[in-house]
Q: 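This is the structure, below, for whatever I ask next.
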Amino acid sequence: MTAYDAIIVGAGHNGLTCGAYLARAGKTVLVLEQKPYVGGASVTEEFSPGFRASTYSFIMGHLHPKVIRELELEKFGLESILQPDVINPTDDDCIVFSKDPVKTREQIARFSKKDAENYPEFFERLQSTIKILRMLQLETPVNPFRKGPVGLLKTARFAWKLRDAEKEVYNLIHALSMSAHDYVSRWFESDIVKAKFMFWATIGNNVGPYAPGTAFSLVTHLVGQIGMRFAKGGMGAIADALARSGQAHGMEIQCDSWVEEILVEQDKAVGVRLRSGTEIRASRVISNVNARCTFLDMVRRDVLPEEFIDDIKGFRARGMSFKLLCAVDRLPMYTGFCPDRTGVEYPSYAHICPTPEFLERAFHDAKFGWYSSEPFLSPNVPSYYDDTLAPRGKHVVVFQGGVTPYALKNSDWDREGPQLVKNAFRVMDRFAPGFSDSVIDFKLYTPRDIEADINMPGGNSQHGELALDQIFFMRPVPRYADYRSPVRRLYQCGASTHPGGAVSAVPGHNAAREVLKDWRWSL
């Protein structure tokens, strides 16, 4: 007997999104989560008494406006705060990046008149590439080599959508092939201006911004359509709103429920077996868990093609970033920051990377199994605009930084973690003197910690690297990029699928659409 129409494995934001859409379509949905609370990487946690922070993801600017609108997330409690400016400090100055191209151009002119003159052309090229990526976000990747009328029709429809996008496609190819350094150097000569844009190419990446293909990472991290927004109450507020949206239409959520196996009978998914031994049946199973854990740990090998298993084993998910949550007794003050020069009241969000070489050197040690002596940092002070996160008069500073390989050569993170923190504080003290003296408490998350806590292989925030061979119809593996799998009625909806990581909710949205499409065909 089928107990549910659909079981979602994993209550990360994509699993909740997929479940909410299915529930709104009238399906009975059960979401199973191994942890005591929902959210996955989109959570807010108390890391020190009285201090709360977004443990992993921290920006909601990628959350798709279509999902916000259709799932009525604001109705279900989601509030956001716009922080439109990001500063990059130097030792004696800083530059501001803004969503306002005029304001950004004025900032660039302070460092190079030539760069300011070139910025409009760069901005137009960047927006052209972002435009096509935004269009591709909501597409189900086609298999261009699928034979037969259906496959040919899908490919033809996709090609037709691109009929007027010749320039955009060429620009995208440039981004996929060029290094971030070469990409920005076509327009800019100033180190701080180059580093300003190159920083985006380091987020979630495993190679430095001088490596081919890293320009694509730069572009993908600017795809968000709602601006530099932060969720009030932290990123857990997004998961909570998604959960309430689904529950309002009958979606059930069961936490502390570790899925041991996805049950397959007669080449068809029929439910799950929990670690407790309980079996729950469903007409469909959708996994929000990353592809490696889904197919290598939860599904019997004998029901999967050997070629598929080999491809999944080859899906690269190496993490190189660390998170550092700090409770502080005062705001960081950057020596290079001046409100009059920047037009910014306080730099609550910053990127510390004064030169392109600074960024590249941070990756150098990691190539040989070590960590950066001078890590680049992305300090964010969410408590500046959200007083729910820290006691009165105190603040939370959240760092995303690099570079930290998953495994260290001839050592381990238990021994080296304290030194990494010292390195990060030393860099911060250089640009915001006295910062380390303000720290009351801190908590470090290396890639290994992230993997252990939320079952994310390699601690990779994207579930898998966003490289040329792991995007669009190659993600997570060829022939199964359409949110389906070799097992009938077993689907994927997590960040291992197109378009990848960041809290966009797009994989969950797209997967729900494909599940419902198959449901209609099966009637």
Side-chain angles (χ1 to χ4, degrees), residues 12 34-35 39-48 51-59 199 202-208 217 234-235 289-290 292-293 316-328 351-353 359 361-380 396-428 435-436 439 441-466 495 501-503:
Q34 68 180 34
K35 294 182 77 70
S42 185
V43 292
T44 308
E45 297 176 292
E46 186 176 65
F47 67 95
S48 185
F51 293 88
R52 300 164 62 241
S54 300
T55 309
Y56 302 112
S57 60
F58 64 103
I59 296 177
F199 186 92
T202 68
I203 300 173
N205 227 330
N206 296 292
V207 290
S217 297
M235 294 297 282
V289 181
N290 65 84
R292 290 179 63 87
C293 289
R316 300 186 307 283
R318 297 167 295 181
M320 288 284 194
S321 298
F322 66 89
K323 286 295 295 286
L324 181 58
L325 314 179
C326 293
V328 300
H351 289 163
I352 295 182
C353 55
L359 288 170
R361 278 196 300 269
F363 281 90
H364 185 72
D365 287 334
K367 296 176 185 176
F368 308 104
W370 208 239
Y371 54 97
S372 305
S373 58
E374 286 190 304
F376 57 81
L377 301 171
S378 180
N380 168 35
V396 169
V397 182
V398 179
F399 292 92
Q400 184 93 23
V403 180
T404 46
Y406 175 84
L408 297 174
K409 188 173 182 180
N410 299 324
S411 191
D412 58 60
W413 281 116
D414 288 338
R415 282 185 284 178
E416 299 300 331
Q419 184 59 51
L420 170 63
V421 173
K422 289 180 181 179
N423 292 353
F425 285 175
R426 186 172 61 251
V427 170
M428 190 64 176
F435 171 79
S436 59
V439 177
D441 196 6
F442 65 85
K443 190 168 184 178
L444 171 69
Y445 291 88
T446 67
R448 189 177 287 274
D449 297 324
I450 296 169
E451 178 187 74
D453 188 35
I454 54 175
N455 201 27
M456 188 179 287
N460 187 286
S461 62
Q462 303 285 337
H463 274 213
E465 298 168 31
L466 287 177
V503 180

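The basis for the numbers below is simple: all heavy atoms, side chains too, and nothing from hydrogens, waters or symmetry mates.
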Q: Any idea which heavy atoms bring C353 and L359 closest together, and the distance?
A: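 In terms of heavy atoms, the two residues are closest at CB-CD2, 3.4 Å.
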
Q: Kindly write out the residues that satisfy side-chain hydrogen bond (donor to acceptor under 3.5 Å, both in side chains) with Q419, not counting sequence neighbours, or none if the list is empty.
A: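 Testing Q419 for side-chain hydrogen bond (donor to acceptor under 3.5 Å, both in side chains), a comparison that skips the adjacent residues, returns N423.
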
Q: For a 4.5 angstrom cut-off between non-hydrogen side-chain atoms, does L324 reach F425?
A: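 A side-chain contact exists here, since the closest heavy-atom pair is under 4.5 Å.
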
Q: Once side chain to side chain donor-acceptor pair (under 3.5 Å) is applied, what residue pairs with a partner in residues 318-327 remain, sequence neighbours excluded?
A: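 Side chain to side chain donor-acceptor pair (under 3.5 Å) check on residues 318-327 returns R318-E465.
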
Q: Show the numbers, then the answer: is there a side chain to side chain contact (heavy atoms under 4.5 Å, CB included) between K35 and D453?
A: CA-CA 9 Å; K35 294 182 77 70; D453 188 35; 2.9 Å; yes

Q: Would you check if C326 and F51 make a side-chain contact, meaning some heavy-atom pair closer than 4.5 Å?
A: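 Sidechains of F51 and C326: no contact.
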
Q: Would you check if S54 and V398 make a side-chain contact, meaning some heavy-atom pair closer than 4.5 Å?
A: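 Result no, sub-4.5 Å side-chain heavy-atom pair not found.
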
Q: If we check ring pair (Phe, Tyr, Trp, His ring centres under 6.0 Å) with F399, which of these qualifies: Y445, F442, F435?
A: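 Per the ring pair (Phe, Tyr, Trp, His ring centres under 6.0 Å) rule, the option paired with F399 is F435, out of Y445, F442, F435.
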
Q: Between A407 and R448, which heavy-atom pair has the shortest distance, and what is it?
A: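 Here A407 and R448 meet closest at CB-NH2, 3.9 Å.
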
Q: Determine whether F322 and L377 satisfy the following criterion, side chain to side chain contact (heavy atoms under 4.5 Å, CB included), listing intermediate values before the conclusion.
A: CA-CA 10 Å; F322 66 89; L377 301 171; 3.9 Å; yes

Q: Would you please name every residue forming a side-chain contact (heavy atoms from CB on, under 4.5 Å) with S378, sequence neighbours left out?
A: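 If we apply the side-chain contact (heavy atoms from CB on, under 4.5 Å) test to S378, skipping adjacent residues, the hits are F58, F199, Y349, H351, Q400.
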
Q: Aromatic ring centroids of F376 and F363 under 6.0 Å?
A: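 Distance test on ring centres: under 6.0 Å, yes.
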
Q: How many angstroms lie between OH in Y406 and CD1 in I450, if you round to the nearest 0.5 Å?
A: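 Reported value, rounded in 0.5 Å steps: 11.0 Å.
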
Q: Could you tell me which non-hydrogen atom of A495 sits nearest to which non-hydrogen atom of G501, and how far apart they are?
A: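 Closest approach of A495 to G501, heavy atoms only: CB-CA, 3.8 Å.
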
Q: Donor-acceptor pair, distance only, cut-off 3.5 Å: does the side chain of N290 make one with the backbone of N455?
A: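 Judged by distance alone, yes, a pair lies under 3.5 Å.
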
Q: Quick one: does Y56's side chain get under 4.5 Å of M235's, heavy atoms only?
A: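 Side chain of Y56 against side chain of M235, heavy atoms only: no contact under 4.5 Å found.
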
Q: Would you give the length of the straight line joining atom CZ of R292 to atom CZ of R316, rounded to the nearest 0.5 angstrom?
A: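 Result: 11.0 Å between the selected atoms.
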
Q: Measure the spacing between CG of L325 and CG of N380 and express it to the nearest 0.5 Å.
A: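 Spacing of CG (L325) from CG (N380) equals 11.0 Å.
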
Q: Which atom pair, heavy atoms only, marks the closest approach of G319 to N206?
A: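 Distance-wise, the nearest heavy atoms are C-OD1, 3.9 Å.
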
Q: When rounded to the nearest 0.5 angstrom, what distance separates CZ in R52 from CD in E46?
A: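 Here the rounded value is 8.0 Å.
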
Q: I'd like to check the side-chain hydrogen bond (donor to acceptor under 3.5 Å, both in side chains) partners of D441; sequence neighbours left out, ordered by chain and number.
A: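 side-chain hydrogen bond (donor to acceptor under 3.5 Å, both in side chains) check on D441 returns S48.
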
Q: Applying side chain to side chain contact (heavy atoms under 4.5 Å, CB included), run through V439 and V397 and close with a yes or a no.
A: CA-CA 9 Å; V439 177; V397 182; over 6 Å; no

Q: With rounding to the nearest 0.5 Å, note down the distance linking CD in E416 to CG in N410.
A: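 Answer rounded to 0.5 Å: 10.5 Å.
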
Q: Identify the heavy atoms of G402 and A362 that sit nearest to each other, and give their distance.
A: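 Closest approach of G402 to A362, heavy atoms only: O-CB, 3.9 Å.
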
Q: List the atom of C293, the atom of P457, and the distance in Å for their closest heavy-atom pair.
A: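 Answer, listing the atom of C293 first, then P457: SG-CG, 3.9 Å.
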
Q: Quick one, T55 and F47 - any side-chain contact, counting heavy atoms below 4.5 Å?
A: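 In short, these two side chains do not touch, never coming nearer than 4.5 Å.
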
Q: Which residues pass the side-chain hydrogen bond (donor to acceptor under 3.5 Å, both in side chains) test with T446, sequence neighbours left out?
A: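 T446 satisfies side-chain hydrogen bond (donor to acceptor under 3.5 Å, both in side chains) with D449 once adjacent residues are dropped.
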
Q: Are the side chain of R426 and the backbone N or O of S373 linked by a donor-acceptor pair below 3.5 Å?
A: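 Pair found, side chain donor or acceptor close to backbone of S373.
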
Q: Going by heavy atoms in the side chains, are S217 and I203 under 4.5 Å from each other?
A: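 No, their side chains stay 4.5 Å or more apart.
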
Q: Quick one: list whatever passes side-chain hydrogen bond (donor to acceptor under 3.5 Å, both in side chains) with S57, sequence neighbours left out.
A: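 Testing S57 for side-chain hydrogen bond (donor to acceptor under 3.5 Å, both in side chains), a comparison that skips the adjacent residues, returns none.
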
